[in-house]
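To start, the structure under review is shown below, and the notes come after it.
In what follows, chains carry the letters A, B, and so on, assigned in the order in which the sequence lines appear, proteins first and then strands, with residues in each chain numbered from 1.
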There are 2 protein chains.
Amino acid sequence: MARRSDHTRAELREMIIGEGHRQMEEVGFARFSAREVAKRIGYSIGTLYNVFGSYDHLILAINGRTLDLWLAYLERRLADVKGDRLHAAVDAYFRFALDHRHAWTALFDFRLAEGEAPPEDYAVKLTAIVDAVERELAGELPPEHSDKAPALTRSLLATVHGHCFFALNGTFELLGEDAPLAAALDRVRDALDRYRQKRE
Amino acid sequence: MARRSDHTRAELREMIIGEGHRQMEEVGFARFSAREVAKRIGYSIGTLYNVFGSYDHLILAINGRTLDLWLAYLERRLADVKGDRLHAAVDAYFRFALDHRHAWTALFDFRLAEGEAPPEDYAVKLTAIVDAVERELAGELPPEHSDKAPALTRSLLATVHGHCFFALNGTFELLGEDAPLAAALDRVRDALDRYRQKRE
DNA sequence: TTTATTTATTGAACACCGATCAATTTTGTG
DNA sequence: CACAAAATTGATCGGTGTTCAATAAATAAA
């Protein structure tokens with residue numbers, strides 16, 4: 001039986017999120033089980049509820065961890081890119097999703113109760129990712145159009161997301177699309193052309 | 001107790017799908033229950049399994065119904081549009097999703113077991129929607145580029161999907177995007193510009 | 001140290017879920 | 001009517017999220 005001196009509250013939280021995230025990566029959102037997480041870290045199911053309050057908050061914490069990893073991955077990939085930065089950014093989006101498909105998919109499988117807003121820290125993590133992409137995009141935009149960066153970032157994130165989602169869920173395979181990343185990158189370039197000198 | 005002469009097998013299937021779809025619209029994928037469907041149509045849970053074989057096949061049948069309704073809606077909306085057909089198409093995509101958010105979301109919440117392909121008739125329904133969009137898009141493409149229509153259709157469906165998904169799941173609200181439809185339409189136009197005479 | 005109080009942890013109990021399948025009922029047939 | 005075939009049932013199983021009185025452990029007070 002776990003004694004409370006074995007772990008501080010913060011350590012326990014970390015254990016649960018860590019094992020929860022591992023579980024999520026392994027079995028995916030549909031087969032995820034809070035009981036199983038409790039069993040694996042040697043605590044009872046009741047303790048998980050004491051720490052997180054509800055199943056939904058546990059999932060949010062695990063998804064938050066995924067966002068942390070995603071941001072770290074994006075920044076790492078963008079830090080040491082030599083050539084085409086836009087390609088690198090889209091490629092990083094796709095590659096993270098492919099390498100962590102269950103955890104990545106869980107970000108969008110989970111939905112809050114109608115009308116409820118995500119916790120503050122979750123929103124912060126998501127905004128951090130969007131900001132990283134916006135910085136990247138701003139570099140591709142002529143100075144006179146830099147005010148378009150925020151809206152364009154949101155729109156292009158949605159664009160890339162759509163392609164990535166269809167690539168992972170089988171829709172593209174069903175429709176015979178075999179180069180989703182290239183297609184997404186084309187759409188990003190098309191959008192940027194709107195604000196750049198025309199193709200010659 | 002329901003007697004089999006009361007309904008043919010096909011009628012029973014129809015009852016289950018109809019009530020199942022109604023349930024899906026009301027409570028969404030996460031709270032959907034096959035038992036509840038059985039109860040509401042006055043049959044036992046066992047009968048549902050005899051008819052559909054598994055929970056997954058029931059969901060596929062219900063999602064197939066959603067695809068039917070979606071296609072019908074798209075065609076109806078495109079049939080009597082006077083002005084901007086592109087706007088009408090994107091608007092129809094968004095509006096159906098908004099008007100049937102639970103059923104529409106369920107299309108993407110459900111995932112087949114790893115490596116399994118969707119049933120033939122489900123693939124056919126999906127292809128029918130894609131084809132309808134492709135016909136629309138082909139009309140916007142210069143004849144010399146009509147060979148690009150299939151790939152461009154897949155890519156723009158993903159693009160619009162991404163925007164619609166973020167609009168429904170709260171991501172856009174979180175990021176301060178208040179005109180997702182307009183953004184999606186911009187991206188569609190940007191992509192078409194690649195194959196048209198440049199803006200003046 | 002011993003006692004009292006606060007905090008952490010437990011796990012049985014509850015109400016559900018998808019899934020199974022032997023038993024039953026209903027239907028069709030000879 | 002009797003019999004075979006088909007349809008329907010629902011108790012049963014193993015699992016889920018959730019609750020919360022009871023217990024154990026840690027801390028504070030005496």
Side-chain angles (χ1 to χ4, degrees), chain A residues 1-17 19-24 26-63 102 106 109-114 116, chain B residues 1-17 19-24 26-63 102 106 109-114 116:
Chain A
M1 170 191 357
R3 303 210 329 266
R4 92 164 122 163
S5 66
D6 290 349
H7 311 286
T8 67
R9 208 62 179 173
E11 284 169 345
L12 179 50
R13 247 190 96 91
E14 175 55 34
M15 282 178 60
I16 297 172
I17 295 178
E19 182 56 43
H21 191 266
R22 190 168 9 255
Q23 269 294 300
M24 191 63 89
E26 280 178 23
V27 305
F29 182 77
R31 298 188 197 285
F32 179 85
S33 155
R35 291 179 112 101
E36 181 65 22
V37 172
K39 192 184 298 179
R40 295 215 184 184
I41 62 170
Y43 275 82
S44 79
I45 176 66
T47 297
L48 259 71
Y49 272 82
N50 290 338
V51 174
F52 287 97
S54 74
Y55 185 79
D56 285 12
H57 284 90
L58 171 57
I59 299 292
L60 279 167
I62 290 171
N63 281 352
H102 282 149
D109 283 333
F110 174 73
R111 235 142 352 243
L112 289 151
E114 210 91 17
E116 244 174 289
Chain B
M1 169 187 7
R3 304 208 331 261
R4 93 164 121 162
S5 66
D6 289 349
H7 311 289
T8 66
R9 208 63 178 173
E11 283 169 346
L12 179 50
R13 248 191 94 92
E14 174 55 34
M15 282 178 60
I16 297 172
I17 295 178
E19 182 57 42
H21 191 266
R22 187 166 15 253
Q23 268 295 298
M24 191 63 87
E26 279 179 21
V27 304
F29 182 77
R31 298 188 197 284
F32 179 87
S33 154
R35 291 177 112 103
E36 181 65 24
V37 173
K39 192 185 297 180
R40 294 216 184 183
I41 63 171
Y43 275 81
S44 79
I45 178 64
T47 296
L48 258 70
Y49 273 82
N50 290 336
V51 174
F52 287 96
S54 75
Y55 185 79
D56 285 11
H57 284 90
L58 170 59
I59 300 292
L60 278 166
I62 291 170
N63 280 353
H102 282 151
D109 283 333
F110 174 72
R111 235 141 355 242
L112 289 150
E114 210 90 16
E116 244 174 289

Whole Å only: how far is the [atom1] atom of [X] from the [atom2] atom of [N]?
X: A/Glu11; N: C/dT9; atom1: CD; atom2: C1'; result: 17 Å
X: A/Ile16; N: D/dG17; atom1: CD1; atom2: P; result: 14 Å
X: A/Arg31; N: C/dC17; atom1: CZ; atom2: P; result: 19 Å
X: B/Asn50; N: C/dT26; atom1: CG; atom2: C1'; result: 14 Å
X: B/Glu36; N: C/dG18; atom1: CD; atom2: C1'; result: 15 Å
X: B/His57; N: C/dA19; atom1: NE2; atom2: P; result: 11 Å
X: A/Leu48; N: D/dC20; atom1: CG; atom2: P; result: 18 Å
X: A/Leu58; N: D/dT19; atom1: CG; atom2: P; result: 14 Å

Under 4.0 Å, counting only non-hydrogen atoms across every strand here, what does [X] touch: a base, just sugar-phosphate, or nothing?
X: A/Phe52; value: nothing
X: B/Tyr49; value: base
X: A/Leu12; value: sugar-phosphate

Closest to the [X] side chain, choosing from [options]:
X: A/Ser44; options: D/dT9, D/dG17, C/dT10; answer: C/dT10
X: A/Thr47; options: C/dT9, D/dT9, D/dG17; answer: C/dT9
X: A/Tyr55; options: D/dG17, D/dT8, C/dA19; answer: D/dG17
X: A/Ile45; options: C/dG11, D/dA7, C/dA8; answer: C/dG11

**Identified stems (criterion: three or more consecutive Watson-Crick or G-U pairs, under 3.5 Å), DNA chain C** =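 So the stems come out as C:1-30 with D:1-30.
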**Message:** Taking the basic N atoms (NZ, or NE/NH1/NH2) and the acidic carboxylate oxygens, is any pair closer than 4.0 Å for A/Arg22 and A/Glu26?
**Reply:**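 Salt bridge absent between A/Arg22 and A/Glu26.
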**Prompt:** For DNA chain D, whose closest nucleotide is more 5', that of A/Lys39 or that of A/Gly53?
**Reply:**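 Final value for this comparison: A/Lys39.
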**Atom of A/Asn63, atom of A/Ala106 and distance for their closest heavy-atom approach** =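 Shortest heavy-atom contact: ND2-O, 3.3 Å.
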**Request:** Applying side-chain contact (heavy atoms from CB on, under 4.5 Å), run through A/Asp109 and B/Arg111 and close with a yes or a no.
**Result:** CA-CA 10 Å; A/Asp109 283 333; B/Arg111 235 141 355 242; 2.3 Å; yes
**Message:** Applying the side-chain contact (heavy atoms from CB on, under 4.5 Å) criterion to B/Val37, which one of B/Met15, B/Glu19, B/Met24 satisfies it?
**Reply:**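 By the side-chain contact (heavy atoms from CB on, under 4.5 Å) criterion, B/Val37 pairs with just one of B/Met15, B/Glu19, B/Met24: B/Glu19.
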**Passing candidate, side-chain contact (heavy atoms from CB on, under 4.5 Å) with A/Leu60, options A/Tyr55, A/Phe52, A/Phe110** =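 Filter result, single survivor: A/Phe110.
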Is any side-chain nitrogen or oxygen of [X] closer than 4.0 Å to OP1 or OP2 of [N]?
X: B/Tyr43; N: D/dT8; value: yes
X: A/Arg9; N: C/dT9; value: yes
X: B/Ser33; N: C/dG18; value: yes

Could you check whether any side-chain heavy atom of [X] comes within less than 4.5 Å of a side-chain heavy atom of [Y], counting everything from C-beta outward?
X: A/Leu12; Y: A/Val51; value: yes
X: A/Ile16; Y: A/Tyr43; value: no
X: B/Phe32; Y: B/Ile59; value: yes

**Request:** Can you check whether any acceptor in the base of D/dG15 is under 3.5 Å from a donor in the side chain of A/Arg35, or vice versa?
**Result:**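 There is none.
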